[in-house]
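The sequence lines fix the lettering, A, B, ..., with proteins before strands; numbering per chain opens at 1.
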Number of protein chains: 2
Amino acid sequence: MSRRSGILEFAVLGLLREAPMHGYELRKRLNTSLGVFRAFSYGTLYPCLKTLVANGWLIEEPGSAPEEALAASLAGRRAKIVYRLTAAGKEHFEELLSHTGPDAWEDEHFAARFAFFGQTEREVRMRVLEGRRSRLEERLEKMRASLARTRERLDDYTLELQRHGMESVEREVRWLNELIESERAGRDRRSGPDAPALHDNESGETGGLPRHGGSTRPDPSDDTAK
Amino acid sequence: MSRRSGILEFAVLGLLREAPMHGYELRKRLNTSLGVFRAFSYGTLYPCLKTLVANGWLIEEPGSAPEEALAASLAGRRAKIVYRLTAAGKEHFEELLSHTGPDAWEDEHFAARFAFFGQTEREVRMRVLEGRRSRLEERLEKMRASLARTRERLDDYTLELQRHGMESVEREVRWLNELIESERAGRDRRSGPDAPALHDNESGETGGLPRHGGSTRPDPSDDTAK
DNA sequence: AATTTCATGTAATTCGTTACATGATTCC
DNA sequence: GGAATCATGTAACGAATTACATGAAATT
């Protein structure tokens with residue numbers, strides 16, 4: 001019951017799996033570290049955390065810094081609340097990770113899944129990447145069909161919008177192709193049904209992503225932005 | 001009051017400005033012809049149409065086919081409802097078109113605006129394109145900053161996600177640059193305060209978009225899809 | 001005759017935001 | 001000591017979806 005959000009729940013569990021955190025920090029990581037993928041507000045996050053606690057997947061802990069705990073105990077002061085994943089929460093997250101329902105291919109859902117690929121088994125990674133790709137290919141076909149049907153009735157701008165949209169999708173398909181290829185390459189020999197199941201993966205083994213030219217130089221002219 | 005949806009309202013008015021239509025067809029055009037931009041369901045569309053009628057921007061007309069009107073008059077039968085833009089509606093849409101609030105640069109809003117560029121004055125087109133571009137450049141800066149701050153703490157997949165996201169944004173900026181350039185080129189000489197205001201633009205004058213290689217051949221292997 | 005597609009709607013529910021309210025900590 | 005940022009929450013609202021309910025027209 002209380003089937004909260006899906007993607008937010010998933011992302012929160014995933015982030016907390018790496019390390020305990022309080023809400024404020026959680027939100028920042030949600031909005032920056034994890035790709036471009038959507039900005040949640042506190043009004044969304046805090047109630048969600050409550051629910052996850054109620055489900056037994058998280059526990060609230062007083063802030064870890066000793067003076068905080070002291071200050072909190074002295075008066076009725078409010079201290080930072082650090083959320084930590086419980087064993088049940090870990091289990092639940094792992095279950096979510098292996099679920100490859102057809103929702104997993106949708107835009108934001110996919111991005112969230114991808115963001116936690118580091119904690120995902122290779123087999124599942126493949127399913128998600130391939131599922132996403134065929135979802136996009138479906139979309140492309142629909143776009144092509146609709147374009148073929150209506151091309152002459154459309155003005156230049158509408159046409160240009162369609163063209164650009166299609167090109168974006170095509171570009172993502174190419175990206176997925178590269179990723180899938182390098183997953184396959186990383187598989188090498190031996191990856192039978194007894195996969196290593198990298199539950200507590202610390203080894204630097206990620207299969208080796210397609211090295212793109214890192215044009216993203218540090219750019220010293222801005223650090224924390226305005 | 002009853003500030004409905006924004007983008008749906010805008011798109012509906014824009015589509016009906018071209019020709020009267022009934023709800024079902026409207027929805028199809030919303031989801032196909034107008035770029036990739038989001039699929040609205042009937043549960044959203046019909047109530048919205050009601051509101052627009054209540055505001056005096058649309059009127060409901062019985063289906064135009066003569067047998068339908070006849071059938072409807074005979075019994076209490078339900079006939080197709082064709083929506084037509086009123087004079088007030090036309091005026092309202094034109095007002096929305098010229099509005100360039102900061103919302104106009106956001107993803108979906110922008111797509112909707114762009115889709116109706118054929119009915120938009122050149123000056124406004126420029127403002128929207130440039131606004132969108134600077135919005136994206138802001139976003140890029142934030143992404144670069146956040147990446148510079150967190151690069152070493154991130155695993156390969158998260159990094160790859162970020163990289164791909166940034167590249168997508170960069171690509172759109174390049175697209176906008178082309179568009180802006182060709183808008184400027186189309187302006188030629190003379191485009192003072194007395195612009196032609198293409199209210200009932202039928203002339204093929206659109207300024208000439210950057211001709212991209214039309215790789216979108218008809219593809220006879222699917223017409224109306226499954 | 002049955003199925004698909006066209007066509008219009010409503011009610012309940014989900015997901016998420018904005019605005020508000022409060023207070024602690026850090027930096028200048 | 002004042003501003004910015006950190007930190008946690010709630011209530012009211014908004015936008016849109018899903019599932020439901022209905023029925024006509026076209027196609028097979």
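Rounding to the nearest 0.5 Å places NZ of Lys90(A) at 12.5 Å from CG of Leu97(A).
The side chain of Tyr83(B) approaches dG9(C) more closely than any other nucleotide in the set dG9(C), dA7(C), dG16(C). If you check dG9(D), dT17(D), dA7(C) against the side chain of Tyr46(B), the one that comes closest is dA7(C). Closest to the side chain of Lys50(A), out of dT10(D), dA7(D), dG9(C), is dT10(D). Picking from dT17(D), dT5(C), dA7(D) the nucleotide with the shortest atom distance to the side chain of Tyr24(B) gives dT5(C). Distances from the side chain of Ile81(B) to the nucleotides dT5(D), dT17(D), dG9(C) place dG9(C) closest. Which of dA16(D), dA7(C), dG9(C) sits closest to the side chain of Thr44(B) comes down to dA16(D). The Pro47(A) side chain lies nearest to dT10(D) when the options are dG9(C), dT10(D), dT17(C).
Following rounding to the nearest Å, Asp103(A) (CG) and dC15(C) (C1') show an atom-to-atom distance of 15 Å. Nucleotide dT18(D) holds its P atom 13 Å from the CZ atom of Phe40(B), rounded to whole Å. The NE2-P distance, from His22(A) to dT25(C), rounds to 12 Å in whole Å. The CD1-C1' distance, from Ile7(B) to dG14(D), rounds to 15 Å in whole Å. Rounded to an integer number of Å, the gap from CG of Asn31(A) to P of dT5(D) is 16 Å. Atom CG in Leu26(A) sits roughly 13 Å away from atom C1' in dA7(D) (whole-Å rounding). Between the CG atom of Leu30(B) and the C1' atom of dT17(D) there is a distance of 15 Å, rounded to whole Å. For Leu45(B) and dT18(D), the CG to C1' distance is 16 Å, given to the nearest whole Å.
Comparing Tyr42(A) and Gly23(B) along DNA chain C, the residue whose closest nucleotide (by nearest heavy atom) sits nearer the 5' end is Gly23(B). Residue order along DNA chain C, read from the 5' end via each residue's closest nucleotide, puts Lys28(B) first among Glu60(B) and Lys28(B).
Considering only heavy atoms from C-beta on, His22(B) stays 4.5 Å or farther from Ile81(B) through its side chain. Val12(B) is listed as a side-chain neighbour of Leu26(B), based on a closest heavy-atom distance under 4.5 Å.
Evaluation of the side chain to side chain contact (heavy atoms under 4.5 Å, CB included) rule for Glu137(B) yields Arg133(B), Val173(B) as partners, not counting sequence neighbours. Legend: residues meeting side chain to side chain contact (heavy atoms under 4.5 Å, CB included) with Arg135(B), ordered by chain and number and at least two apart, are Trp105(B), Glu106(B), Glu138(B), Arg139(B).
Checking side-chain atoms of Thr100(A) against main-chain N and O of Arg127(A) turns up no donor-acceptor pair under 3.5 Å. Under a 3.5 Å cut-off, the side chain of Thr150(B) and the backbone N or O of Arg153(B) do not form any donor-acceptor pair.
Taking five base pairs at each end of the helix from dA1(C)-dT28(D) to dC28(C)-dG1(D), the local helix axes there meet at an angle of 40°, rounded to 10°.
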